[in-house]
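All ligand and atom numbering here is 1-based and tracks the order in the structure. Index from 1, following the sequence.
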Amino acid sequence: MTQLIDSRTPLLVDDPDWWRQAVVYQIYPRSFADATGDGIGDLRGIISRIDYLAALGIDAVWLSPFYPSALADGGYDVDDYRDVDPRIGTLEEFDAMAAALHEAGIRLIVDIVPNHSSNRHRWFREALASPPGSPARERYIFRDGRGEHGEIPPSDWTSVFGGPAWTRVEDGQWYLHTFAIEQPDWNWSHPEVREDFLTTLRFWADRGVDGFRVDDANLLAKDLSADPLPTAEELAAMPLDGTHPTTDRDEVQDIYAAWRAVFDEYTPPRTAVAEAWIESPERRARYASPASLGQAFNFDLLQADFDAAQFRRIVTDNLEQVTLSGSSNTWVLSNHDVVRHVTRYGLAPLKGRHAKQGIDWMLAGAPEDEIDRGLGERRARAATLFELALPGSAYLYQGEELGLHEVTDIPDEQRQDPAFWRSTPEERTQDGLGRDGTRVPLPWSRTGSSFGFGDGGSHLPQPAWFGELSVEAEEADPGSSLQMYRCALALRHELQGGEELVWDETLSTADVLAFERPGGWLSVTNFGAEPVDLPAGELLLASGPLDGDAAVGSRRLPGATTAWLRRSAL
Ligand code: NOJ
């Protein structure tokens, strides 16, 4: 058992189940707060805003990659897994941030990116400097090409960001990159790769990190022994039953069994959540099992329309699914890969427009003239209160508490996302402009240089309307989105009990979903357009104004609104 001398208060150290119903706030560090005035968010910026995080009422922060990186993919191209990007801070500042968060009662989850490193990682540089067939190349996935001179890539696979998934190096060999050229895939059959990641997990766990978000958790194990390799078309047709050559192979769980042994060296055990775009509930449950990572994201709500039937089916299915793993649910409406939900809900329904599923969907854009902002805002607030009343953990993305919209008009030359740069103009028409619009630095004040983000501008351009949605503006407005989130999280802390959920069949209709949590906590959401009567009970919070005459006790819930009540009988 590792003896820890870390910054957590006894309260934080003692609870092994803290994650089951936690509210986790995702910080995309380069866009949160810039204390050094270079236009890029940093760890000191986060430290300076811990009071804000504490007032918001979150339980944990998930920090997206902050490691040294050339930013070919927003930091998901990691040069060194055990250091901090000098533009973002230092290891000492990391320790100070962890201590300050813990002091405020907030836990810390960091992102681990194990499917690929960056092409600047010391082992990839060594691989490039070594000849074909050398041990240094074995840590990655190098192959000879096809054709007379090896000039044709080993297969016709395409990368997630577009273009071929293989890139040729000077001596003629090719290496595999599921994502950008700068993100070579690791060879997880290699014992040194496995061991090095265990060292990384211990490195951060020893520094007091409470948990890990595991990037592309389903992709690590690969079987590329077939010769020739299957074509892209054949690959897409292969069953997703644990034997697929590149995704969700059964033996990926051996990797996580070794990770679990490391997590369990600590008190309380370190936690993890798998980012794994897997449709089958049974297969997803493997990652969420206590012998594996313990939790797995479900991205169902963020792929759904604002629709009662879809929401009910998703909740019902996911409640069933967690019984397979013994884990708790994970709810997500926004993150750094998808169009912000306040904007998404102001667009026409997804079906027939961006019907793509899975990771491709993250690239879907949102042209400004198609967005009904007011409708999006009402629906987003209603969906958020629906989400926050559900059992399980809720993962919030920075800025959603402000009701921040996607920024859709970033000039092409200022875009950073490889998904933009590696797609053709035709593909952009279909799939959108990439993910920069959700990663624009946060507005803290109504006016001023970069709306209070920092003194040195902002690495992505902020629109003029950011001031109205700034923390300063919303703190002054009792009806703001920020105030709703603060109230909701405070109430959730007070009301959250067991993980049971019972649908109220009397109140639920084709347009209305009502469910009750232990202790008489009732959540009612009207997905339709016509107001509906609310039942008796103490009104705790509503996502928007109610209809009806309060003086005579009549309360009606308008369309696109959620109300939380405490049932009077209890
Ligand atoms: C999933 C991450 O969320 C995304 O931002 C990243 O581009 C890919 N994995 C590759 O690391």
Side-chain angles (χ1 to χ4, degrees), residues 24 26-31 62-79 81 85 109-121 124 140-141 157-163 165 176-186 188 197 200 212-220 222 246-248 252 272-278 287 293 295-299 302-303 330 332-340 356-365 395-398 406 415-423 431-440 460:
V24 182
Q26 180 188 359
I27 290 185
Y28 189 75
R30 289 175 184 80
S31 300
W62 148 28
L63 198 59
S64 279
F66 51 87
Y67 312 107
S69 167
L71 304 183
D73 180 21
Y76 284 88
D77 46 321
V78 178
D79 296 350
Y81 292 88
D85 187 329
I109 293 172
V110 297
D111 222 310
I112 289 289
V113 189
N115 178 66
H116 42 266
S117 69
S118 85
N119 57 351
R120 308 196 316 171
H121 190 281
F124 194 72
Y140 291 90
I141 303 177
W157 303 348
T158 50
S159 89
V160 170
F161 296 142
L176 179 71
H177 51 90
T178 303
F179 294 89
I181 291 172
E182 298 86 353
Q183 292 169 295
D185 283 27
W186 287 109
W188 271 90
F197 270 90
T200 296
F212 300 90
R213 178 264 188 193
V214 183
D215 190 65
D216 295 306
N218 52 315
L219 299 183
L220 278 47
K222 296 184 180 78
T246 59
T247 182
D248 187 30
V252 77
V273 56
E275 188 225 20
W277 291 78
I278 293 174
Y287 298 80
L293 294 173
Q295 240 192 357
F297 279 124
N298 100 62
F299 294 120
L302 69 71
Q303 295 181 85
T330 52
V332 190
L333 290 168
S334 281
N335 66 30
H336 66 298
D337 286 332
V338 298
V339 173
R340 285 184 176 279
K356 285 185 168 192
Q357 292 290 305
I359 201 151
D360 279 348
W361 190 80
M362 73 187 178
L363 309 179
Y395 286 80
L396 311 181
Y397 176 53
Q398 68 178 34
E406 186 85 0
R415 289 193 177 269
Q416 300 172 6
D417 187 357
F420 175 82
W421 290 109
R422 284 179 67 83
S423 56
D431 294 339
L433 298 174
R435 301 164 295 174
D436 294 312
T438 194
R439 300 174 178 183
V440 175
L460 280 168

Problem - Atoms of ligand 1 close to Arg435 [distance to a heavy atom under 4.0 angstrom, numbered from 1] - result: 4 (C), 5 (O), 6 (C), 7 (O)

Completion exercise
Per-atom filter on ligand 1: closer than 4.0 angstrom to a heavy atom of Phe161 are 7 (O)

Fill in the blank from the handout: So for Tyr28 against ligand 1, with non-hydrogen atoms under 4.0 Å, the contacting part is neither

Problem - Partners meeting side-chain hydrogen bond (donor to acceptor under 3.5 Å, both in side chains) with Asp79 (sequence neighbours left out) - result: Ser118, Arg120

Exercise for the section: Have a look at Ser117 and tell me which of Tyr81, Tyr140, Tyr67 forms a side-chain hydrogen bond (donor to acceptor under 3.5 Å, both in side chains) with it. Expected result: Tyr140

Handout entry: Centroid separation Phe179 to Tyr76 less than 6.0 Å
Key = no

Completion exercise
Residues passing the side-chain hydrogen bond (donor to acceptor under 3.5 Å, both in side chains) test with Thr200, sequence neighbours excluded, are Arg82

Handout entry: Numbered atoms and elements of ligand 1 in range of Glu275, under 4.0 angstrom, heavy atoms
Key = 1 (C), 3 (O)

Completion exercise
Ranking Val78, Asp337, Asp417, Asp216 by closest non-hydrogen atom to atom 8 (C) of ligand 1, top hit is Asp216

Problem - Main-chain N/O of Gln416 paired with Asp436 side-chain donor or acceptor, under 3.5 Å - result: yes

Exercise for the section: Give the numbers and elements of all ligand 1 atoms closer than 4.0 Å to a heavy atom of His116. Expected result: 10 (C), 11 (O)

Exercise for the section: Between Arg439 and ligand 1, find which residue part has any heavy-atom pair under 4.0 Å and reply side chain, backbone, both or neither. Expected result: side chain

Practice task
Could you tell me whether the side chain of Asp417 and the main chain of Arg435 form a donor-acceptor pair under 3.5 Å?
Solution key: yes

